[in-house]
Amino acid sequence: EVQFVESGGGLVQAGGSLRLSCKASGFTADPYAIGWFRQAPGKEREGIACISSSDDSTWYSDSVKGRFTISSDSAKNTVYLQMNNLKPEDTANYYCALDLLLPIRDWGRVGYEYDYWGQGTQVTVSS
C-alpha cells in the first residue's frame, strides 16, 4: 500500500519560513513526478511545485516561484518544500501528490486524476 506522510506544517508569522516533508512508503515505480498542492477554504486546489524523479527538474507556480524550493532525498523516499518569505495568502492545507505519467510542466492540471495523495498538513501564516 502506497502511503504519504506529510509533516512540518504549523503557524508562522508573515515573512517567516517553514519546511514541509512528505515521506513515501510502499512505492517502487519510477520515473514519476512528485510535488505539492495547496487548498485554502473556499478556494480551488492549486498545484504549486513538483520535481521529477528522473532528472530532478522542477516546476513552480507563479504564486510561489522565488520563495519556495522543492527538493528530494531518494535514499529517504522524501520530498521537501522549503517555504520562505511566507505571506498570509499562503495559508492553506498543503498536500503531497505523485503521478507516474504527468510531465512536470503540467503539474496542477485541473481535473486530472493524480495517482497518489497524502493527507495534508496545515500551514497558517499570520499577518
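Numbers for residues simply follow the sequence, beginning at 1. These numbers come from the heavy atoms of this one structure, side chains and all, not from hydrogens, waters or symmetry mates.
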message: For residues 97-127, which residue pairs pass the disulfide (SG to SG under 2.5 Å) check, not counting sequence neighbours?
response: none
- prompt: From Ile70 CD1 over to Ile48 CD1, what is the distance, rounded to the nearest 0.5 angstrom?
  reply: 8.0 Å
Contact list for residues 78-127, test disulfide (SG to SG under 2.5 Å), sequence neighbours left out: Cys22-Cys96
- prompt: Aromatic ring centroids of Tyr116 and Tyr114 under 6.0 Å?
  reply: no
message: Within the 3.5 Å criterion, strictly below it, is a donor on Gln82 or Ser71 matched to an acceptor on the partner's side chain?
response: no
query: Listed by chain and number, what are the ring pair (Phe, Tyr, Trp, His ring centres under 6.0 Å) partners of Tyr80, not counting sequence neighbours?
result: none
task: Assess whether atom CD of Gln39 is packed by more than 12 heavy atoms of other residues, nucleotides or ligands within 6.0 Å.
output: yes
task: Give every residue pair that meets the salt bridge (charged side-chain N to carboxylate O under 4.0 Å, His left out) criterion with at least one member in residues 91-118, sequence neighbours excluded.
output: Asp106-Arg109
- prompt: Are the side chain of Thr58 and the backbone N or O of Ile51 linked by a donor-acceptor pair below 3.5 Å?
  reply: no
message: Going by the rule disulfide (SG to SG under 2.5 Å), which residues pair with Cys50 if we only count those two or more places apart in sequence or in a different chain?
response: none
field: Those residues that, when tested against Arg45, pass salt bridge (Lys or Arg N to Asp or Glu O under 4.0 Å) (two or more places apart)
entry: none
field: Reported CG-to-OH distance for the pair Leu100 and Tyr32, which is rounded to 0.5 angstrom
entry: 10.0 Å
- request: Give every residue pair that meets the salt bridge (charged side-chain N to carboxylate O under 4.0 Å, His left out) criterion with at least one member in residues 5-16, sequence neighbours excluded.
  value: none
field: Those residues that, when tested against Ala75, pass side-chain contact (heavy atoms from CB on, under 4.5 Å) (two or more places apart)
entry: Asp73
message: Whether the side chain of Lys23 engages the backbone of Asn77 through a donor-acceptor N/O pair (distance < 3.5 Å, no angle test) should be reported.
response: no
- line: Rounding to 0.5 Å, atoms CG (Leu20) and OG (Ser7) come to a distance of 8.0 Å
- request: Report yes if the side chains of Val110 and Tyr112 come closer than 4.5 Å at any heavy-atom pair, otherwise no.
  value: no
Return all side-chain donor-acceptor pairs below 3.5 angstrom for residues 8-19, not counting sequence neighbours, or 'none' if the list is empty.
unit_1	atom_1	unit_2	atom_2	d
Ser17	OG	Asn84	OD1	2.9

task: State the CG-CH2 distance between Leu81 and Trp36, to the nearest 0.5 angstrom.
output: 6.5 Å
field: Min side-chain heavy-atom separation Ser72-Asp56 under 4.5 Å
entry: yes
Partners meeting side-chain contact (heavy atoms from CB on, under 4.5 Å) with Ala97 (sequence neighbours left out): Phe37, Trp107, Trp117
query: Looking at residues at least two apart in the chain, or sitting in another chain, which of them share a salt bridge (Lys or Arg N to Asp or Glu O under 4.0 Å) with Asp90?
result: Arg38, Arg67
field: Side-chain donor or acceptor of Thr91 paired with backbone N/O of Glu89 under 3.5 Å
entry: no
query: What are the two closest heavy atoms between Ser54 and Pro31, and how far apart are they?
result: CB-CB, 4.0 Å
task: Please check if Val5 and Tyr94 belong to a single hydrophobic cluster, counting links between Ile, Leu, Val, Met, Phe, Trp and Tyr side chain heavy atoms closer than 4.5 Å.
output: no
- line: Taken in chain and number order and not counting sequence neighbours, the residues that satisfy side-chain contact (heavy atoms from CB on, under 4.5 Å) with Asn93 are Tyr95, Gln122
